[in-house]
Amino acid sequence: MGWSVNIGKIFGINFRIHVTFFLLLFFIFISVLPQHGFQRALVATLFICAVFVCVLIHEIGHSLIARRFGKEAKSITLLPIGGVATMEEMPEKPAQEIAMSIIGPFINLLIAGVLYLFIGHWAGVGVPNLTPDSAKGFFAGLIGVNIMLAIFNLIPAFPMDGGRILRGLLAIRLDFVRATTAAVFIGQAIATFFIFFGIFFNWWLAIIGLFLYIGAGSEKQQVLLMSFLRQVPASEAMTTEFQTLRPDEPLRRALEHFHHGCQDDFPVIGEAGVEGVLTRGRILASIHEKGLEVPVSEIMDRTFASVDPKMPLDDIYKKLLSSRKTAVAVVDKGSVKGMVCLDGISRYFMIKTAMGKAATMK
Ligand SMILES: [Zn+2]
């Protein structure tokens with residue numbers, strides 16, 4: 001995710017903080033300062049930091065369980081709205097999805113429980129308050145906020161953990177796509193209730209409802225897209241009209257093709273076949289960094305450069321996203337038959353949806 005600062009590694013997972021999170025801290029500080037003074041403004045900022053540490057532990061929980069199932073978390077980014085763990089892939093087995101999702105709210109309850117055990121008799125449990133009167137209020141609020149986080153995350157609607165738990169439970173009986181459709185339907189019904197109830201009684205509830213409604217919709221889109229792409233081999237969605245480059249050609253040559261044609265990504269073909277792919281991102285970044293005479297072989301991407309024509313599009317799509325690439329060459333018996341790029345995959349899906357084929361293919 002752009003605009004985030006790398007803080008370091010926790011359990012081997014990259015931990016990042018988005019710059020808007022620092023803006024949130026600053027905003028909290030200056031909004032409390034005029035009325036309550038410096039010390040309370042500092043306490044309010046500290047309280048937000050403490051809440052986010054709990055959110056971070058929640059996300060680490062998800063990532064560690066995912067790792068047990070062989071799905072590696074690439075990074076955890078702290079945003080003003082909470083933590084986001086970027087996974088290479090989500091587990092699709094029902095039991096795995098349930099275990100991975102339920103750990104988050106469980107951790108918040110555990111934090112609340114441990115805090116209560118040690119300081120509950122002294123601090124009690126309270127409603128979170130940015131400007132508590134005493135240290136007691138601070139910790140009572142922290143216990144309260146963890147209980148609220150657990151409940152909030154258990155709402156059975158995407159993108160909350162509860163939505164995933166619900167899908168996992170439904171997927172024990174139904175196939176993955178049907179389970180998702182049913183979970184999205186239930187989630188959107190709850191979201192609609194939140195929106196209507198919230199308009200009359202609490203605006204925050206309405207905003208949360210809207211957020212859940214949109215989140216559920218995009219989860220459904222994503223699952224439908226993946227289940228559709230799973231049935232399409234690379235050979236069907238590849239572009240067959242394309243220019244190629246040689247490893248010893250200068251960047252200037254790639255730029256000529258780039259400028260005069262509509263092609264963004266180029267397979268680089270040497271003696272041994274496809275040696276790499278030169279993508280638009282690399283071309284544009286290298287003009288400034290390396291100049292126009294740098295050989296293509298020096299700036300091309302060598303990893304995940306080619307796929308088999310039979311490889312399903314969903315695998316290619318996931319691999320491109322997780323390796324932050326935009327295109328890959330399709331190679332059959334040593335010769336390049338075409339290119340599959342991210343834009344091309346979306347375009348293919350759009351065309352098929354427009355033709356009504358995606359809806360009927362199941
Ligand atoms: Zn969670």
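Predicted model only: the values in this text are computed from it and were never measured. In each ligand, atom 1 is the first atom listed, and ligand 1 is the first ligand listed.
Here the two rings, on F194 and Y213, have centers that are 6.0 Å apart or farther.
When atom types are taken as modelled, the side chain of R252 and the backbone of L292 share no donor-acceptor pair closer than 3.5 angstrom.
Relative ring orientation between F349 and F228 is described as tilted, the plane-to-plane angle lying within the 30° to 60° band.
The only member of V330, L342, V307 that meets side chain to side chain contact (heavy atoms under 4.5 Å, CB included) when paired with I316 is V307.
Side chains of T279 and D265: no donor on one and acceptor on the other come within 3.5 Å.
Around the Zn ion (ligand 1), the protein contributes the following N, O or S atoms at distances under 2.8 Å: H58 NE2, H62 NE2, D161 OD1, D161 OD2.
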Hey, can you pull the donor-acceptor pairs under 3.5 Å for the side chains in residues 103-110, sequence neighbours left out?
residue : atom : partner : partner atom : Å
N108    : OD1  : H58     : ND1          : 2.7
N108    : ND2  : N146    : OD1          : 2.9

